[in-house]
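Note that the structure is predicted; figures quoted are calculated from it, not measured. Just so it is clear: chains get the letters A, B, ... in the order the sequence lines come, proteins before strands, and each one is counted from 1.
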2 protein chains.
Amino acid sequence: MAQKELKEFIDNASQIYLSHLSLDCVVFGFHDGQLKVLLLKMKNSDRWSLPGGFIKQAESMETAAIRVLNERTGLDSIFLQQFHVFSDPGRSDNKEKNAHLRRAGIAVPAGHWFMQRFLSVGFYALVDFSTVTPQPDAFSDDCAWWDIGETGQLILDHSRILFKALEVLRLQLHYQPIGYNLLPPKFTMPELQKLYETILGRKLDRRNFHRKILSYEILRPLKEKRQGVAHKAPQLYSFDTIKYQKALKEGLGGI
Amino acid sequence: MAQKELKEFIDNASQIYLSHLSLDCVVFGFHDGQLKVLLLKMKNSDRWSLPGGFIKQAESMETAAIRVLNERTGLDSIFLQQFHVFSDPGRSDNKEKNAHLRRAGIAVPAGHWFMQRFLSVGFYALVDFSTVTPQPDAFSDDCAWWDIGETGQLILDHSRILFKALEVLRLQLHYQPIGYNLLPPKFTMPELQKLYETILGRKLDRRNFHRKILSYEILRPLKEKRQGVAHKAPQLYSFDTIKYQKALKEGLGGI
DNA sequence: CCAAAAGTGTTGTTTTTACACCCATGA
DNA sequence: TCATGGGTGTAAAAACAACACTTTTGG
C-alpha cells in the first residue's frame, strides 16, 4: 500500500526544494539524569532517523531548519545551530532509499530528484525536555526521545551526525554556558551538575562545581527550595537571561 | 571582448557541478608581523574575492575545497577546515553577477545555472606564507596576500565570510595550538608570540608567553640560533609534530 | 660601551583541587 | 535517629600575572 503523503511529497519536491541539499537536526534534551535525542521512526521501516528535510528555493538554512523541525516533530521556535556539513559522496545511499520506497510501494524513475546525491547540513538544538511534546508527521509513525548511546543504528549516516553533534556539544561546554535550554526554568544545583556530568561523561566534585558555576554569575537563586524530596531541600535557581546571553557571546573565561 | 575561459566555464558548469552550492576559501598567512589573507582579483573587475568555486557531482566538500584552491591559486595539498554555511537568500546577488558578465561581454539566459541562488560553504586554512607562491587562474588577473583589515569591500558577502573565519580562528586559539601552518619550519619565540598577538589583537607578556608555550611541550628547541639579526641572537624552535597533532585532537588545557 | 632585544628568576595573587564538616529531611 | 543528599569552609597545590635582572649582539 502506497503512502499518499510520501508520494505527493516526492512528486512535487523538485519544484519546491533546492537540489542536492538537505538538513538534519540533532535535538538534545535532558531527563532522569540522561541526555536524550529526539528521533523519528519512518513508516514502513523499523529504523529511526534524525528529523531532517529540505531547503526551499528562497530560504536560508537557518529558517529551513526551524521549519523542518516544526513540520516533522511539532517543536516550535527552537534555536538551532549549524555545526557541520556532511558531504561524503557515499552518505546518501540509494540502496537504502530504494528499499524504503519499495516497502512503501512507491516507484520513482531513475534520475529523479529524490534519487540525487544529497549533502546535509547538521544543526543541533538544546531543548527543555519537559515543555516539549513531540508529534510525528505524516511520514513517521513515531517521534520519541532516545537515550544517547541506546539509539542503535540509525538510517544513512545519521549515527555519525549524532556523534559529531555530541562532540561539538562537549567542546562548547568548556567556553559557553549550557543549561538554559536543557533544564526547566527552575532547577537545583545538583540537577545542573548532573547535566554537565552527563554531557562530559565524567563525575565532577559537587562543592567545586557549585562554586565554579556561581562564579560565572549567570544564576539567580530563588527564594524557594524544591519541596517534597527526600533529604535536605535543595535551593532552586533560574538563569539570569541577560547575563546568560552575554556569556554566550563573550565566552565564560572572559578570555 | 569576451573571455573565452569564463564563457566556456559557464556553459559547461551545469553538467559538471552541483547546483546551488559553492565554496569559498579563507587562506590565512603570516608575514612581517601581519596576518594576511589570500585574495583574487577577477578580470574585468576592480574588486577582490576569496578563492571560491563549485562542487563536482560526486565529490566531497573537503575534496572540492582542496581542488578549487589549487585550481584558482596554485596552492597545493592545503588542509582546509569547513567553518560555516552561508545561506542568506540575498547573498548571491544577481545584480553584481550580471554587471560582471556585462563587463566581460558574456550573455547568459535568464534561469541559467550561473544565475541560480548559491549557498556557500566556508573553509579556512593556515599556510606558511614563505613557502607559497600564489598564481592567479584564467579568470583572475591577480592573486595576492592582503593585510587583514585592509582588504576593502570584497565581492558579494566575502567580507562577511572573512570576518567569520577570523572569529573562528580567534576562538580556536584558546584551546588548540596554532602556528604549525603559519610559520616557517624554524622560528623564534618572539615570532610565535607576534603571531598570537596579531590574531588576538592584543599584547602578551613576553616572559609569561615563553613559559606558557613551553609548558604545552609542542616545541623542540633547535641547536641553532637565528643569525645576522641585531641584538641577542634568539633561539630557534620547530614544532614537535607528534605532540602538536596530539594537542590538536585533545585540546591544550587537557580539559 | 650602549641601546635594544632575548633569556631566566622571583614573588604575590588567583584559581583549582581535594578534602572535612554541618544541616535538613523522610523514612 | 539515622542514612542520605545538600550546603559551606579551608588548606595545599597549581596556574597566572607582574615584575627585575642578566645576557648577547650590532653599531
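The separation between B:Arg206 atom CZ and C:dG9 atom P is 14 Å, rounded to whole Å. One can place CG of B:Leu204 at 13 Å from P of D:dC16, the figure rounded to the nearest angstrom. For the pair A:His231 NE2 and D:dT1 C1', the interatomic distance rounds to 14 Å; values are reported in whole Å. The CG-C1' distance, from B:Asp205 to D:dA15, rounds to 14 Å in whole Å. A:Leu214 places its CG atom 12 Å from the P atom of D:dG9, with the value rounded to the nearest Å. Remark: C1' of D:dT8 and NE2 of A:His210 are 8 Å apart, rounded to the nearest angstrom. Separating the CD1 atom of A:Ile213 from the C1' atom of D:dG7 is a distance of 16 Å, rounded to the nearest angstrom.
With respect to the salt-bridge test (charged N to carboxylate O, under 4.0 angstrom), the residues A:Glu217 and A:Lys243 do not qualify. A salt bridge links B:Asp137 and B:Arg72; the closest N-O separation between the charged side-chain nitrogens and carboxylate oxygens is under 4.0 Å.
The closest side-chain donor-acceptor pair between B:Asp88 and A:Ser60, if any, does not fall under 3.5 angstrom.
Counting only heavy atoms from C-beta outward, the side chains of A:Arg91 and A:Ile161 approach each other to under 4.5 Å.
Under 4.0 angstrom from either OP1 or OP2 of D:dC16 there lies at least one side-chain N or O belonging to B:Lys212.
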